[in-house]
Amino acid sequence: MLEAQSGDALSLTGEDSRDAAVAAIERREIYGALVLGDTPTDMPEVLVATAANAQVAQMLQGIAAGMEQQIDTQLRAATEASIAQRVSDPATAPTEFTIPHAEVTVTDVVPLSDSDPRGAKLATAAFPLVLGGMAGAVLISFGVARAAHRIVALLVYAGAGGLLLGAILQGMFGALQGNYWTNAVAIGLALAAITAPIVGLRSLLGPPGLGVGAVVMMLVANPISAATMPVEFLLAPWGAVGQWFPPGAGATLLRQLSYFPDASTAFPWTVLATWTAVGVLLTGVAVARERKTIESDSPTDDPELVTAD
């Protein structure tokens, strides 16, 4: 009935028990759960995870409120019918009547931290990654002349950027939770995954490559990153496609490292590492082409024949 009323907003699946539903939420396999009682008189419980997404949690809380009102209406109707039946026989009619109140419990399985109670800081943490990656690409592309040196500059920039942004986002603003060093590595790899392809395209194609890379990351990948909303809220299949780009993979990885240690992080790590490797490979091709050009432009040392008269 719930799925029919909500249309495409909800996709319902079954779990064996409340513990299984909690474990599925902690693995980010589901956003929430409706736990029914063992008997018809037991009140249901709604499980949410505001750390997964506050919008979905709020939607599930609204469903819980609607269920509570519906159950209250049914209880009131049943109680009034019972009262009417008893009043018809004055000898058995009680002097006081109590109409029970239904209460649907809402449990936040994975709440947001006190430093970021609405999740706004975590949602916007992906934007500095995109800006930082693009800024690094511009600095490295124009500040480092040799393509081979750009690879070294990329690694240094990603490492320093991961440490610095990690300290700012976690230490100063409280946007990230969990282990600082793991978060710093994730941020550094996300920066490298954004910077490396742009630097690689710039090394191969010249200034137009910089523009192509920036457009892909900022205007294509960033809007479908699902950093501020669930993947399912984006028009299919763009939500899933966005997770194959560095902004989406980076945002997902930081959220899972902060709040969902039981969730698998293999996919976002792999996506970020792949984009970094592709960018380094493109720069490597530019290095080989650069060396070939230098060798072809160097004068040949053909010895001149000296003849004696």
Side-chain angles (χ1 to χ4, degrees), residues 2-3 5-13 15 18 21-35 44-69 103-130 165-166 168-178 183 186-187 190 222-236 238-240 242-243 247-265 267-268:
L2 262 180
E3 194 169 14
Q5 292 177 349
S6 61
D8 296 333
L10 293 178
S11 176
L12 302 184
T13 59
E15 298 292 342
R18 183 186 186 278
V22 169
I25 292 174
E26 292 175 342
R27 294 192 300 268
R28 292 205 75 186
E29 296 174 356
I30 58 176
Y31 283 100
L34 170 62
V35 182
E45 178 186 12
V46 175
L47 305 179
V48 301
T50 52
N53 187 268
Q55 293 172 278
V56 175
Q58 194 172 30
M59 183 178 69
L60 293 175
Q61 289 169 356
I63 291 176
M67 290 177 57
E68 187 173 292
Q69 185 177 9
E103 184 176 354
V104 177
T105 303
V106 178
T107 303
D108 197 347
V109 177
V110 188
L112 288 161
S113 67
D114 294 335
S115 60
D116 189 18
R118 296 185 178 180
K121 297 176 183 178
L122 179 61
T124 56
F127 197 59
L129 298 181
V130 179
L165 270 180
I168 294 173
L169 293 175
Q170 185 163 352
M172 293 180 60
F173 294 107
L176 304 180
Q177 313 302 317
N183 289 334
I187 293 172
N222 191 52
I224 59 174
S225 64
T228 60
M229 66 181 69
V231 172
E232 294 78 8
F233 279 19
L234 290 171
L235 184 66
W238 297 112
Q243 297 305 297
T252 298
L253 180 59
L254 290 179
R255 185 178 296 273
Q256 293 183 182
L257 291 176
S258 293
Y259 291 103
F260 297 90
D262 293 337
S264 174
T265 57
F267 180 74

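Scope of the values below: all heavy atoms of this structure, side chains included, with no hydrogens, waters or symmetry mates.
- For N183, the side-chain hydrogen bond (donor to acceptor under 3.5 Å, both in side chains) test picks out Q170, with sequence neighbours left out.
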Using residues 51-63 as the side-chain source, report each donor-acceptor pair under 3.5 Å to any protein atom, sequence neighbours left out, with the distance given to one decimal.
unit_1: N53; atom_1: OD1; unit_2: Q55; atom_2: N; d: 2.9
unit_1: N53; atom_1: OD1; unit_2: V56; atom_2: N; d: 3.1

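- Partners of A186 under the side-chain contact (heavy atoms from CB on, under 4.5 Å) rule, at least two apart in sequence or in another chain, are L253, L254, L257, W269.
- Among residues two or more places apart in sequence or in another chain, the salt bridge (Lys or Arg N to Asp or Glu O under 4.0 Å) test is passed with E15 by none.
- The salt bridge (Lys or Arg N to Asp or Glu O under 4.0 Å) check on E232 picks up nothing, with sequence neighbours excluded.
- Residues P111 and T50 form a side-chain contact, since some pair of their non-hydrogen atoms from C-beta on lies under 4.5 Å apart.
- Considering every non-hydrogen atom in both G239 and L234, the closest pair reads CA-CD1, 3.7 Å.
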Anything under 3.5 Å between a donor and an acceptor, one on a side chain of residues 22-30, the other on a protein residue two or more places apart or in another chain? List them.
unit_1: R27; atom_1: NE; unit_2: E29; atom_2: OE2; d: 2.8
unit_1: R27; atom_1: NH2; unit_2: E29; atom_2: OE1; d: 3.1

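- Residues L122 and L176 meet the side-chain proximity criterion, which asks for heavy atoms closer than 4.5 Å.
- Scored by the side-chain hydrogen bond (donor to acceptor under 3.5 Å, both in side chains) test, T252 finds Q243 as partners (sequence neighbours excluded).
- Annotation for Y31 and P230: closest pair OH-CB, 3.3 Å, computed over non-hydrogen atoms.
- The list of salt bridge (charged side-chain N to carboxylate O under 4.0 Å, His left out) pairs with a residue in residues 108-126, not counting sequence neighbours, is empty.
- Every pair passing salt bridge (charged side-chain N to carboxylate O under 4.0 Å, His left out) that includes a residue from residues 45-57 is listed here, sequence neighbours excluded: R18-E45.
- The shortest heavy-atom contact between G119 and L112 is N-CD1, 3.4 Å.
- Contact detail for V104 and P44: the closest heavy-atom pair is CG1-O, 3.5 Å.
- A heavy-atom distance below 4.5 Å is not found between the side chains of T265 and F260.
- Judged as a salt bridge (charged side-chain N to carboxylate O under 4.0 Å, His left out), not a single pair has a partner in residues 251-265 (not counting sequence neighbours).
- Here the shortest heavy-atom pairing between A190 and L129 reads CB-CD1, 4.0 Å.
- The minimum heavy-atom distance linking G174 with S115 is given by the pair O-OG, 2.9 Å.
- For F267, the ring-ring contact (aromatic ring centres under 6.0 Å, His included) test picks out W244, with sequence neighbours left out.
- Residues satisfying the side-chain hydrogen bond (donor to acceptor under 3.5 Å, both in side chains) criterion with T228, sequence neighbours excluded, are absent altogether.
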